[in-house]
Amino acid sequence: MSNPCSSVVPPDTPLEVLADVLKKAEALITGNDEVKILLKKAIQIASGLDEYLEKTTTQPSPALQELWTRTRSERWHENYEKGITLFDLPVTCITGHVEGQVLRFFARMAKAQRVLEIGMFTGYGALSLAEGLPLDGTVVACEIEPYLEKFARLSFDKSPHGKKIKVEVGGAQETINQLANERQQYDLIFIDADKTGYLEYYKTIIDRKLLAPGGTLVVDNVLFKGQVYGSEEDMNENGKALKEFNQFVASDPRTEQVLLPVRDGMLLIQHADSAEEVEKVETKDDVYSGLNGKSVMQRLRLDGKTALVTGAGQGIGRAFAHALGEAGAQVAVVDIDTLRADRVRRELISKGIKAISIQADITNKEDVDRMVDQVISEWGALHIACNNAGVNLNSASKDTTLEEWDRTMNVNLRGVFLCCQAEGRAMMKQGYGKIINTASMSSLIVPHPQKQLSYNTSKAGVVKLTQTLGTEWIDRGVRVNAISPGIVDTPLIHNEALKPLSELWLKDIPAGRFAEVTDLQGAIVFLASEASDYMTGHNLAIEGGQSLW
Ligand SMILES: C[S@@+](CC[C@H](N)C(=O)[O-])C[C@H]1O[C@@H](n2cnc3c(N)ncnc32)[C@H](O)[C@@H]1O
């Protein structure tokens, strides 16, 4: 990938301007060989740096490369003449490879969740920022040109990170006023729109607290091709605006800043008052500073953790696998059905989550041991285990066959015991682990009018097993808890035989609807995270209030 600001397009950074000036001087010199040699050397150093940075920086993702190529080959001037764009946009607008990578690093280093970009153009910066965010991160990108939203979206749709980007079409000042009215806050803000608007953007961001505490504001083009420190005569309107902007920020006691000479200059700004405010605070305990320095949201993250979920090929297990992965864990998708497990594994990989699939029958001890061994040999540890696989067979108790009873107990109770035992042994060796068993609301009430003695009994057994293990293993660092879902809208309840019961069930649910598998995702992340470390043996019912009626 080459620089858009090379020979084809006018110089766009102080270095490019310098190289250009030196080349012009070289062309004018006649005779004096010594001066020529010195000029050549100066040209080499000035014009070689950007290219060297391009080469030594990690190459962009395929989606960014494609976006770059499309941006370069678009006929921007013609678009303007035909009225497709409101303004005559120069191709040098694009952030580009090195700066894009810097933005990606900033997003990662700041552990940013929420990013605001003012001035998107074709989306190179927005996509670079999105690539640096966790799966649940968001970039709001402001852009005045409606055409650019469509242009950028084509490339965003080809990237797994594109869906993190929301484009706000319109004047950026109006958009950020609206965001401030909504009391939105961002961990990272990138200003890269009309230069004469910078000061107002800055004032709105700082005065109206759009920048979250501890957040960073990054402002692009603050050197403006060297004009801000060059002679007044060479300054155009934008150069003047940026000089004034830089002076204002430098003398603002509310912020501190550093100017990095990356390409056309990137100014990093943070709130300065935090150090003084912190001094004034009397109680600086774990509540104030966060346990081990981590905020509660950071303690809910599962980065670096490894997890397995049984019955993850569909329904609740699949939702658990996605939730754990979105929170940062690497996930082993376990199912008796290889194809289903692999399908979910591929879903996770497509979202950038590290995942493997394991075929295992949880009623078979060898399979269960192999499942745990495989996770540990793949990732070195097992931190989180969700024992979710189960069956639901129904019959009036007087007619319940021994086969139904045995099958239900075999999968729902014996299988969960086998899993807990193998997982608990591995976790106790590590001194830390989280086991979450899927029980059921039927461990608390007797759902009706369907008859399901063996199911209810097995799930009550899962709760007692959870309580017993939860108290037995807590001093070895292993927490065992259960989630008891109410009636979940999974393929299981769309079974013809169960359909007539739906209306009756709905009358019993204060929430007035069945649970969606997504209703359970917050709970699984919480129970898997260190935020719930003091909870053990608990049965967490998520049933829209059904067990209370
Ligand atoms: C330098 S380009 C942005 C480059 C972009 N950050 C990137 O990563 O490639 C500036 C963009 O700001 C947009 N813009 C200019 N004035 C604006 C305004 N008042 N509100 C919103 N967008 C504006 C322009 O249409 C242009 O696309």
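Just follow the structure's listing: the first ligand is 1, and inside any ligand the first atom is 1. Residues take their numbers from the sequence shown, with the count starting at 1. Atoms considered below: every heavy atom in the structure, side chains included; atoms not considered: hydrogens, waters and symmetry mates.
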**Student:** Quick test of your reading of the model: are R318 and E347 salt-bridged, counting only N-O distances below 4.0 Å?
**Tutor:**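 Answer for the salt bridge query: yes.
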**Student:** State whether D342 and R345 are salt-bridged, where the test is any N-O pair (Lys NZ or Arg NE/NH1/NH2 against Asp/Glu carboxylate O) under 4.0 Å.
**Tutor:**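 Salt bridge present between D342 and R345.
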**Student:** Taking only distance into account, with no hydrogens and no angle test, what donor-acceptor pairs under 3.5 Å do side-chain atoms of residues 214-227 form with protein atoms, sequence neighbours excluded?
**Tutor:**
unit_1	atom_1	unit_2	atom_2	d
T216	OG1	Q270	NE2	2.9
N221	OD1	K195	NZ	3.0
N221	ND2	D264	OD2	3.0
K225	NZ	D12	OD1	2.7
Q227	OE1	N236	N	2.9

**Student:** What does the list of residues with a heavy atom under 4.0 Å from ligand 1 look like, ordered by chain and number?
**Tutor:**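 If the criterion is a heavy atom under 4.0 Å, then ligand 1 touches L89, C93, I94, T95, E117, G119, M120, F121, Y124, G125, E143, I144, E145, L148, G170, G171, A172, F190, D192, A193, D194, Y201.
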**Student:** Looking at E99 and R104, does any basic side-chain N land under 4.0 Å from a carboxylate oxygen?
**Tutor:**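 Judged by the 4.0 Å cut-off on N to carboxylate O distance, E99 and R104 do not form a salt bridge.
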**Student:** When you check the gap from the basic side-chain N to the acidic O, do E326 and R301 get nearer than 4.0 Å?
**Tutor:**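 No, this pair does not count.
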**Student:** Between the side chains of R513 and D519, is the shortest nitrogen-to-carboxylate-oxygen separation below 4.0 Å, so that they form an ion pair?
**Tutor:**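 Salt bridge flag = yes for R513 with D519.
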